[in-house]
Amino acid sequence: NLNVNLNVNLKANTIENEIGNLTFQVSEADSNVRLDSFLAQKIEDWSRSRLQKLIDDRDVLVNGKASKSSYRLCERDEIEIELVAPQSPRFEPEDISLDIIFEDDDIAVINKPAGMVVHPGAGVSGGTLANAIAFHFQIENQQSESENNRTGIVHRLDKDTSGLIVIAKNETAHGNLNEQFRNREVFKSYLALVHGVTKEERGTIDQPLARDRTNRLRMAITKTGRNAVTLWRLKERFVRFTLLEMQIKTGRTHQIRVHLASIKHPVVGDEIYNGGRDKTVMDVKVRSAISKLNRFFLHAEKIGFKHPRTGEYLKFHVPLPPELESFLALLRTGS
């Protein structure tokens with residue numbers, strides 16, 4: 001988390017527009033101020049109504065507990081807020097090739113390649129999925145004071161995660177899908193290749209996550225973080241690696257990567273969380289193949305949700321991209 005000088009207003013900066021955590025400690029001068037008013041004063045580019053929604057969604061904690069917008073602050077209260085930097089209301093359309101799995105008048109489902117950033121931000125102004133959908137679907141991720149008045153990308157994937165992502169083509173679809181995600185009604189399944197061989201065939205990781213206090217590029221397991229639940233089951237075992245199928249019940253930043261690292265099975269190719277395990281691989285061919293991947297081995301394989309207009313349950317699946325299939329083929333030779 002980022003400790004903030006209360007005398008300075010901050011813009012909400014994040015990494016690749018991922019979730020960022022800010023921490024405030026209330027001074028005597030700010031005691032008895034409403035929680036929403038306090039946050040509106042301290043965080044630039046965020047309207048009071050948007051902050052109130054974060055409070056209602058339990059993304060703001062006061063002394064480790066959810067609170068109300070009307071809560072009157074006390075001196076030394078500690079406030080934690082998890083937010084996404086305000087996105088630009090307009091994206092420059094760019095003719096970028098997209099692998100469109102499904103499309104109708106309301107939604108589209110895209111197979112995102114590894115290496116593509118989802119939203120502009122943090123020094124990335126073009127070449128993103130948002131730029132591509134602005135061109136292909138003539139829609140832009142528009143955001144007004146009402147969070148439901150939006151079209152475009154509904155959820156996120158890390159830059160180096162490939163796989164399925166859902167696009168809303170109108171405000172009604174976006175509002176409906178956003179509600180499904182919020183209520184945890186969306187099925188999301190990933191494939192991850194991890195270091196080490198798991199003893200069990202399935203398991204549950206239930207550990208809260210928050211921004212690492214010492215390194216904002218990382219997330220960390222912490223008692224005061226937001227709850228995060230990941231289910232995993234065995235797909236295939238190799239000599240020194242395991243292919244897992246992951247189902248996430250919550251959608252926290254870097255959730256799968258942090259959770260797997262916490263059980264000593266970090267994702268292959270993940271330079272942030274695998275503690276240098278890639279460089280200690282004994283087999284030279286495999287170690288070389290990992291370095292040539294230029295990504296980590298995490299793929300959003302399946303997604304399921306109700307169609308926002310018809311209510312029909314839709315489920316989509318995309319196989320591993322060629323570079324990941326080739327890596328598994330190398331492991332299957334016995335390396």
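- Under the 4.5 Å side-chain criterion, counting only non-hydrogen atoms from C-beta, Val166 is not in contact with Phe316.
- When only modelled atom types and interatomic distance are considered, Ser262 and Gln207 share no side-chain donor-acceptor pair under 3.5 Å.
- In this structure, the side chain of Gln255 engages the main chain of Arg252 through a donor-acceptor pair within 3.5 Å.
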Worked verdict on His259 versus Thr230 for side-chain hydrogen bond (donor to acceptor under 3.5 Å, both in side chains): CA-CA 7 Å; His259 273 176; Thr230 303; 2.8 Å; yes
Show the numbers, then the answer: is there a side-chain hydrogen bond (donor to acceptor under 3.5 Å, both in side chains) between Ser189 and Glu245? CA-CA 7 Å; Ser189 177; Glu245 181 177 353; 3.0 Å; yes
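- Side-chain contact between Leu61 and Ile81 is absent, with no heavy atoms from C-beta onward closer than 4.5 Å.
- For Ser69 against Gln52, the heavy-atom pair with the smallest separation is OG-CG, 3.6 Å.
- With hydrophobic clusters built from ILVMFWY side chains whose heavy atoms lie under 4.5 angstrom apart, Ile165 shares a cluster with Tyr190.
- A 6.0 Å sphere centred on NZ of Lys249 holds no more than 12 heavy atoms belonging to other residues, nucleotides or ligands.
- Evaluation of the side-chain hydrogen bond (donor to acceptor under 3.5 Å, both in side chains) rule for Gln247 yields no partner, not counting sequence neighbours.
- Smallest separation of non-hydrogen atoms from Glu75 and Ser31: N-CB, 3.8 Å.
- Connection of Val118 to Phe181 is not established within any shared hydrophobic cluster, with ILVMFWY side chains joined at heavy-atom distances below 4.5 Å, either directly or through further cluster members.
- With values rounded to the nearest 0.5 angstrom, Ser37 atom OG is found 10.0 Å from Leu51 atom CG.
- In this view, Phe327 satisfies the ring pair (Phe, Tyr, Trp, His ring centres under 6.0 Å) rule with no residue, not counting sequence neighbours.
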side-chain contact (heavy atoms from CB on, under 4.5 Å) between Tyr71 and Asp77, worked out: CA-CA 11 Å; Tyr71 171 74; Asp77 276 349; 2.8 Å; yes
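- For the atom pair Asp212 CG and His254 NE2, the distance stands at 11.5 Å (nearest 0.5 Å).
- Side chains of Val154 and Ile167 form no contact here, defined as non-hydrogen atoms less than 4.5 Å apart.
- For the side-chain hydrogen bond (donor to acceptor under 3.5 Å, both in side chains) test with Asp104, the passing option among His307, Arg309, Lys169 is His307; the others fail.
- For Glu323, the salt bridge (Lys or Arg N to Asp or Glu O under 4.0 Å) test picks out Arg295, with sequence neighbours left out.
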Is there a side-chain contact (heavy atoms from CB on, under 4.5 Å) between Ile110 and Leu129 once you walk through the steps? CA-CA 9 Å; Ile110 307 297; Leu129 181 61; 4.2 Å; yes
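- For an aromatic pair to be called close, the ring centres must be under 6.0 Å apart, and Tyr273 with Phe296 fails this.
- Between the side chain of Lys112 and the backbone N or O of Met116, at least one donor-acceptor pair lies under 3.5 Å.
- Evaluated for a side-chain contact (heavy atoms from CB on, under 4.5 Å) with Leu209, the options Thr222, Thr253, Ile221 yield exactly one hit, Ile221.
- Residues Val318 and Leu193 are members of separate hydrophobic clusters, defined by side-chain heavy-atom contacts under 4.5 angstrom among Ile, Leu, Val, Met, Phe, Trp and Tyr.
- Side chain of Gln138 to main chain of Phe135: a donor-acceptor pair is present (N/O by atom type, distance under 3.5 Å, no hydrogens or angles).
- A donor-acceptor pair shorter than 3.5 Å can be found between the side chains of His317 and Glu301.
- We find the CG-CG distance between Asp105 and Asn170 to be 8.5 Å, quoted to the nearest 0.5 Å.
- There is a path of hydrophobic side-chain contacts, each under 4.5 Å, that joins Phe102 to Phe305.
- Remark: the Asn131 side chain and the Glu92 side chain contain no N/O donor-acceptor pair separated by less than 3.5 Å.
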Contacts under 3.5 angstrom, residues 195-203 side chains, donor-acceptor by atom type, not counting sequence neighbours:
from   : atom 1 : to     : atom 2 : distance (Å)
His195 : NE2    : Asp278 : OD1    : 2.7
Thr198 : OG1    : Glu200 : O      : 3.2

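- A heavy-atom distance below 4.5 Å is not found between the side chains of Leu22 and Glu80.
- Taken to the nearest 0.5 Å, the CD1 atom of Ile290 stands 10.5 Å off from the CZ atom of Arg277.
- Atom CD1 of Ile55 sits about 7.5 Å away from atom OG of Ser67, to the nearest 0.5 Å.
- Using a cutoff of 4.0 Å between basic side-chain nitrogens and carboxylate oxygens, Arg34 and Asp36 are scored as salt-bridged.
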I'd like to know whether Val26 forms a side-chain contact (heavy atoms from CB on, under 4.5 Å) with Val62, so could you lay out the CA-CA distance, the side-chain angles of the two residues, the decisive distance to 0.1 Å, and finally the verdict. CA-CA 10 Å; Val26 177; Val62 179; over 6 Å; no
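- The shortest distance between side-chain heavy atoms of Val281 and Val268 does not fall below 4.5 Å.
- Using a 4.5 Å heavy-atom threshold, the side chains of Thr250 and Asn227 count as touching.
- Side chain of Asn183 to main chain of Glu179: a donor-acceptor pair is present (N/O by atom type, distance under 3.5 Å, no hydrogens or angles).
- Contact record, Pro321 with His299: CD-ND1, 3.6 Å, taken as the closest heavy-atom pair.
- A donor-acceptor pair is defined here as one N or O able to donate and one able to accept, closer than 3.5 Å; such a pair exists between the side chain of Glu94 and the backbone of Gly127.
- For the pair Glu28 and Arg76, the salt-bridge criterion is not met [side-chain N within less than 4.0 Å of a carboxylate O].
- Residues passing the side-chain hydrogen bond (donor to acceptor under 3.5 Å, both in side chains) test with Asn111, sequence neighbours excluded: Asp99.
- When hydrophobic side chains of Ile, Leu, Val, Met, Phe, Trp and Tyr are connected at separations under 4.5 Å, Phe187 ends up clustered with Tyr313.
- Contact of the Ile43 side chain with the Phe24 side chain is registered, since non-hydrogen atoms from C-beta on lie closer than 4.5 Å.
- A donor-acceptor pair under 3.5 Å is absent between the side-chain atoms of Asp158 and the main chain of Thr161, judged by distance alone.
- Using a 4.5 Å heavy-atom threshold, the side chains of Leu39 and Val60 count as touching.
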Leu298 and Leu157: side-chain contact (heavy atoms from CB on, under 4.5 Å), yes or no, with the steps? CA-CA 10 Å; Leu298 184 60; Leu157 291 176; over 6 Å; no
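- No side-chain donor-acceptor contact under 3.5 Å links Arg257 and Asn274.
- For Leu98 against Ala132, the heavy-atom pair with the smallest separation is CD2-CB, 3.8 Å.
- A distance-only check finds a donor-acceptor pair linking the side chain of Asn63 to the backbone of Glu78 [under 3.5 Å].
- At a threshold of 4.5 Å between side-chain heavy atoms, the hydrophobic network of Ile, Leu, Val, Met, Phe, Trp and Tyr places Val109 and Val186 in one connected group.
- Considering CZ of Arg287 and CG of Asp283, their distance stands at 8.0 Å, rounded to 0.5 Å.
- No donor-acceptor pair closer than 3.5 Å links the side chain of Ser288 to the backbone N or O of Val284.
- A donor and an acceptor atom, one from each side chain of Glu236 and Thr242, are nowhere located under 3.5 Å apart.
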